[in-house]
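It should be emphasised that the depicted structure is a prediction, and the values quoted were computed from it without experimental measurement.
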Protein chains: 2
Amino acid sequence: MNDSSPPQGAQAVLRAVSLLKLFTSEQPEMSLAQLSQASGLNKTTTHRLLRALQSQALIDKNASTGSYSLGAGLMALGVQALASSDLRRRVRPMLKMLARETGETATLEVPVEDSMLILDEVAGRHVVAAAGNIGTRWPMHATSTGKVLLAFEAHRMEALPDSLPALAQRTMTSKDMLAQQLVEIRKRGFAESTDELEDGFAAVATVIRGALGDVQGALSIGGPSQRLGPAKRAELGAALCRAAARLRPEY
Amino acid sequence: MNDSSPPQGAQAVLRAVSLLKLFTSEQPEMSLAQLSQASGLNKTTTHRLLRALQSQALIDKNASTGSYSLGAGLMALGVQALASSDLRRRVRPMLKMLARETGETATLEVPVEDSMLILDEVAGRHVVAAAGNIGTRWPMHATSTGKVLLAFEAHRMEALPDSLPALAQRTMTSKDMLAQQLVEIRKRGFAESTDELEDGFAAVATVIRGALGDVQGALSIGGPSQRLGPAKRAELGAALCRAAARLRPEY
DNA sequence: GATCCCTCTGCCATATTATGAAACCCGCCC
DNA sequence: GGGCGGGTTTCATAATATGGCAGAGGGATC
């Protein structure tokens, strides 16, 4: 029925993956000690797992400093993953068009576990928005893309953690109020967020569907909240819905 | 001195990774039976590993067909890996410039294990070359980028497999003759390959170095061999060397 | 409707495999 | 020199993964 079954009997793999996931944009390099502590694993175990990963090029070790970082093998697998879902290639022209026509920044995002990953981004004319966000992940409840996915894929709502941390002034922190919003989102076909992810930032998003109606990701347009008032957001929402419809492959 | 040490004692991880690596551009989706057979693992074991990977979003399972594919989590990790080595961001403008000035296709490649991975690519004016090669991997001995890496990083030559498969008319299949070529490459600073990877395709490449002189990847320009004669190749090689020098960060 | 193939799940005895404490190095600083 | 904070290695222990088997569920094909 639902996904991410909690497996049993492969914890070496789980631990290895958890190590990989410790690397973030803020901490692109970590020492063995750091990794060991952050993961809660024994130093020896950590070391052994790292060596295994390193032998597969998923982890690089800076020979001089001795610190570890994500390796080229992950790039390879990641690029492979990107390529095998041709989502990005398919959507990119649309991102460009949206960015050009609206002047704001358009992004393509996909759900990864319980957050949204920015897969691609085309900056708009107004270069206020910080570019280079590709690869960052945001919690679902605070983003327009996340909310639209929550709205159209019921199981994601169940998987949502109980506490919704506040990231900005108007972040939804109540699951009940969020559920209420989703009804409206389903009705209109797109989601909005204003000062929910970051103060002064607003965005609108809709889902991207495959030929069979399966949800594959979300398309969004974002910019300064002052420039994206209610009327503008409604207009962008409609534009997004049209764009998404055109992205839908033939059956 | 150093190498990817053949580890012992984490074969669950190794097996899991080997499963991931089975997915190629030609086989982006595989069934349990296929994976099990291709990896030589017991079906039960394969299934268990897949579930573990799936729970971490490294593997996606198409719910209807039941077949597996690389998951969004890998995109996340891959993008993260790309970001943490800011190589791609740094080199991209240079790729564009090279493509524009030469009219040919420029690529950025990095070594992954014993092959070259195309990280980024900018198509030239002459749109003969097949685009969209990002993510593909080629053997080192048959590419200009691979050869230039072999030339400047001795340990890679040792790690090269004994048999060098022929991919095209003029592929180097003798390790000795290859070693001979490397001397010349080291002297000139760039490598060439003509009808070695694919009949009718030629390329020129040079290494990209970090602030400390560490080799980070390779830069190449490629196109139809008939358009890239000896003189042209020499010219391109010089241009590449200049470009690479400019890419070198300050110390 | 019967049959086949494949996935998924569970069970369980086996021993292979991972584990982590402790010890060992090594460069560094006091 | 002596202590210290890493990283690395060793080794006895037992926890863990393994894979054979078997059965349920689902799609296909015949």
>> Does a side-chain N or O of R51(A) approach OP1 or OP2 of dT9(D) to a distance below 4.0 Å, or not?
In response: yes

> Quick one: is T44(B) getting a side-chain N or O under 4.0 Å of the dG20(D) phosphate, OP1 or OP2?
Replying inline: no

> Roughly, in whole Å, what's the span from CD in Q37(B) to C1' in dC6(C)?
Replying inline: 14 Å

>> Can you tell whether the side chains of R92(A) and D120(A) come within less than 4.0 Å, N to carboxylate O?
In response: yes

>> I'd like to know if K43(B) reaches the base of dG19(D) with its side chain, counting only an N/O donor and acceptor under 3.5 Å.
In response: no

> Could you give the CG-to-P distance, from L41(A) to dT19(C), as a whole number of Å?
Replying inline: 8 Å

>> A quick test of your reading: do over 12 heavy atoms of other residues, nucleotides or ligands sit less than 6.0 Å from CD of E113(A)?
In response: yes

> Could you give the CG-to-P distance, from N42(A) to dA15(D), as a whole number of Å?
Replying inline: 15 Å

> Of S31(A) and V13(A), whose closest DNA chain D nucleotide lies nearer the 5' terminus?
Replying inline: S31(A)

> Nearest-Å distance, NE2 (H47(B)) to P (dC11(C))?
Replying inline: 15 Å

>> One pair to check against salt bridge (charged side-chain N to carboxylate O under 4.0 Å, His left out): K175(B) and D162(B). What are the steps and the verdict?
In response: CA-CA 7 Å; K175(B) 230 171 163 176; D162(B) 283 332; 3.5 Å; yes

> Whole Å only: how far is the CG atom of L49(B) from the P atom of dT16(D)?
Replying inline: 16 Å

>> Does any part of the side chain of K147(B), heavy atoms only, come nearer than 4.5 Å to the side chain of T143(B), both counted from C-beta?
In response: no

>> Output the rounded distance in Å from CD (Q54(B)) to P (dT7(C)).
In response: 14 Å

> Would one find a side-chain N or O of Y68(B) under 4.0 angstrom from OP1 or OP2 of dC6(C)?
Replying inline: no

> OP1, OP2 of dT18(D) versus side-chain N and O of R15(B): anything below 4.0 Å?
Replying inline: yes

> Does a nitrogen or oxygen in the side chain of R48(B) sit under 4.0 Å from OP1 or OP2 of dT18(D)?
Replying inline: yes

> DNA chain D: A12(B) or A33(A), which has the more 5' nearest nucleotide?
Replying inline: A33(A)

>> Is it true that, when you exclude E184(A) itself, more than 12 heavy atoms of the residues, nucleotides or ligands shown sit nearer than 6.0 Å to its CD?
In response: yes

> Does the side chain of Q11(A) get closer than 4.0 angstrom to OP1 or OP2 of dA18(C) through an N or O atom?
Replying inline: no

> Roughly, in whole Å, what's the span from CG in L53(B) to P in dC8(C)?
Replying inline: 14 Å

> Within the pair T45(A) and dA18(C), is there a side-chain N or O less than 4.0 Å away from OP1 or OP2?
Replying inline: no

> Quick one: is dC8(C) close enough that its OP1 or OP2 comes under 4.0 Å of any side-chain N or O from K61(B)?
Replying inline: yes

> What's the CG-P distance between L19(B) and dT18(D), to the nearest Å?
Replying inline: 10 Å

>> Base, sugar-phosphate or nothing for L32(B)? Non-hydrogen atoms, less than 4.0 Å.
In response: sugar-phosphate

